[in-house]
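Computed from a predicted model, the values in this text were never measured in an experiment. Atoms within a ligand are numbered from 1 in the order they appear, just like the ligands themselves. Basis for what follows: all heavy atoms, side chains included, without hydrogens, waters or symmetry-related copies. The first residue in the sequence is number 1, and the count goes up from there.
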Amino acid sequence: MQLTTREIDILQHTFLDYRSTEDFIQNPLVLHRAQGLYCWDTAGKRYFDAIGGVFVALLGHGHPRVMAAMREQMERMTFAPPLHGIADVTLDFVEKLGSVCPGDLRYVNPFSGGSEAVESAFKFARQYFKQSGHPGKYKFISRYSSYHGGTFGGMSASGTGERKAKFEPQMPGFLKVFPPTFYRDQFASWEEANRFAAQSVEDVIVAEGPETVAGFIVEPIGNTGGIITPTSEYFQLLRDICTRHNVLLIFDEVITGFAKTGHMFAAQTFGVTPDILCVGKGISSGAVPLGAMVAREDLAEAFRGSSADGKFFAHGHTFAGNPLACAVGIAVIDEILEKDLCAKAVRLGAYLARRLQDLQKLGIVREIRGKGILLGVELVRDTASMAPFPELGIALKRTALRNGLILRIDPTWFAVAPPLIAEESDLDEMCGLIEKSIREALDEARDECPNTHCSTVANRGR
Ligand SMILES: Cc1ncc(COP(=O)(O)O)c(C=O)c1O
């Protein structure tokens with residue numbers, strides 16, 4: 001799309017998330033409206049939103065049920081003052097979200113997004129241990145290649161180097177282990193790499209001293225590392241390790257929550273119940289900012305008592321539990337349950353995985369991974385060398401937008417998570433756009449790539 005002089009001027013007076021304004025101006029996207037599976041830019045060009053914004057619009061944009069719930073709540077009340085009261089609809093949301101969480105995860109704190117949910121989990125865990133006889137437990141372990149938010153705690157737990165190096169030193173007490181992908185070429189099987197990665201968590205806990213470690217936070221499927229999808233055994237091992245050392249297992253389900261992986265939460269997909277769950281993104285299908293932290297009910301016992309005891313959770317945000325957001329959250333959960341969207345994610349996901357497998361004919365796909373409709377495709381220079389091919393991902397960012405397609409693209413992989421209102425025919429349209437964009441990106445990458453071998457790859461499977 002072409003930016004106006006006014007748009008360029010305004011863009012130069014703001015910051016964009018994790019990217020350079022100058023690069024954005026070269027390959028811009030200024031959106032004006034969105035409906036269902038599509039967004040339109042200011043020039044009226046339509047884009048297939050293959051990622052629901054950014055793993056957010058899981059019911060598509062402007063879902064009628066969500067819009068109706070918002071309108072109804074908007075007429076009644078849009079804000080309740082947190083220090084003096086709580087909205088009735090916030091109580092309904094707490095009950096509703098608690099009712100769909102696994103195990104005895106019933107203690108719900110609504111917030112305005114994923115980072116707030118993650119920060120709250122860290123504060124909750126530290127205060128819990130202080131008030132339950134283990135005041136020395138304060139450290140958190142997380143994984144390299146992870147992303148847990150843009151705030152200081154979330155960033156300190158995140159393992160994406162380039163996003164945090166600028167802000168060092170990070171908060172003390174945050175330690176890292178590698179995800180299973182780091183070890184995959186060092187072991188004969190993926191299962192063994194997963195076992196080793198899980199064992200490394202226990203090794204760090206023991207080396208640090210279990211009496212100092214409060215929690216281990218993990219995305220069940222790691223987006224920033226390229227849709228890292230461990231085995232179920234990995235999570236079972238983590239569950240056992242955390243229980244053994246009285247370390248809270250925190251699942252960051254900001255991306256994986258709400259039906260995408262075939263269950264309400266990826267915790268159920270992998271068959272493991274964490275002690276704390278952090279959610280965001282899809283919980284509002286993108287209509288309003290909403291997130292939540294959900295904790296095991298018995299952990300909340302440590303916070304009971306009168307104000308004079310000072311045991312209450314010393315945490316809050318002005319917009320936490322906002323009535324409008326809570327009305328939306330209830331509508332989204334009801335829609336998932338009534339339309340059985342978890343089952344639909346399994347059915348659509350199987351179809352989508354088969355369609356993405358077709359890309360193998362291009363000879364540049366190392367692996368397709370993920371669960372349900374949350375899938376990632378790892379791109380390589382060729383399947384003989386499995387060498388990374390970052391020029392391809394960079395070119396794909398341009399060609400996808402040119403072809404009216406919104407994906408999550410990294411230089412070495414791309415991800416899709418189409419809204420659950422899609423049908424097979426929509427996925428055909430989406431996969432057609434993906435293949436066209438990859439072929440064009442291969443041509444462009446070949447032009448930029450001095451290695452003539454790239455041109456062979458570009459023509460493969462035509
Ligand atoms: C796994 C994960 N956790 C936390 C966050 C932070 O959420 P938010 O951007 O809503 O603050 C994100 C955002 O992308 C995320 O992907």
* Provide, to 0.1 Å, the distance between atom 10 (O) of ligand 1 and the closest protein heavy atom, together with that atom's residue and name. => Gly114 N, 2.9 Å
* Numbering the atoms of ligand 1 from 1, which are under 4.0 Å from a heavy atom of Ser115? ->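 Per the distance check, 6 (C), 7 (O), 8 (P), 11 (O).
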* Asked: Relative to the heavy atoms of Glu219, which atoms of ligand 1 are at a distance of less than 4.0 Å?
  ->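 So the atoms of ligand 1 that pass are 1 (C).
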Does a side chain donor of either [X] or [Y] reach within less than 3.5 Å of an acceptor in the other side chain?
{"X": "Thr231", "Y": "Glu191", "value": "no"}
{"X": "Thr42", "Y": "His32", "value": "no"}
{"X": "Thr212", "Y": "Lys139", "value": "yes"}

Looking only at distance, does [X] have an N or O less than 3.5 Å from an N or O of ligand 1?
{"X": "Ile255", "result": "no"}
{"X": "Asp252", "result": "yes"}
{"X": "Lys281", "result": "yes"}

* Asked: Is any side-chain N of the basic residue among Asp275 and Arg239 closer than 4.0 Å to the acidic one's carboxylate O?
  ->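 Looking at Arg239 together with Asp275, the answer is yes, because their closest N to O distance falls below 4.0 Å.
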* Could you tell me whether Arg355 and Glu435 have a side-chain N and a carboxylate O separated by less than 4.0 Å? =>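 Salt bridge absent between Arg355 and Glu435.
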* Asked: Hey, is His148 touching ligand 1 through its side chain, its backbone, both or neither, going by heavy atoms under 4.0 Å?
  ->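 Under 4.0 Å from ligand 1, His148 contributes backbone atoms alone.
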* For ligand 1, does Phe55 get within less than 4.0 Å through its side chain, its backbone, both, or neither, judged by non-hydrogen atoms? ->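 Neither; no heavy atom under 4.0 Å.
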* Structure fact -> Ranking Tyr18, Phe251, Tyr147 by closest non-hydrogen atom to atom 12 (C) of ligand 1, top hit is Tyr147
* **Mutual orientation of the aromatic rings belonging to Phe111 and His317 [parallel < 30°, tilted 30-60°, perpendicular > 60°]** => perpendicular
* Asked: Centroid-to-centroid, Phe140 to Phe216, below 6.0 Å?
  ->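 Ring centroids of Phe140 and Phe216 are no less than 6.0 Å from each other.
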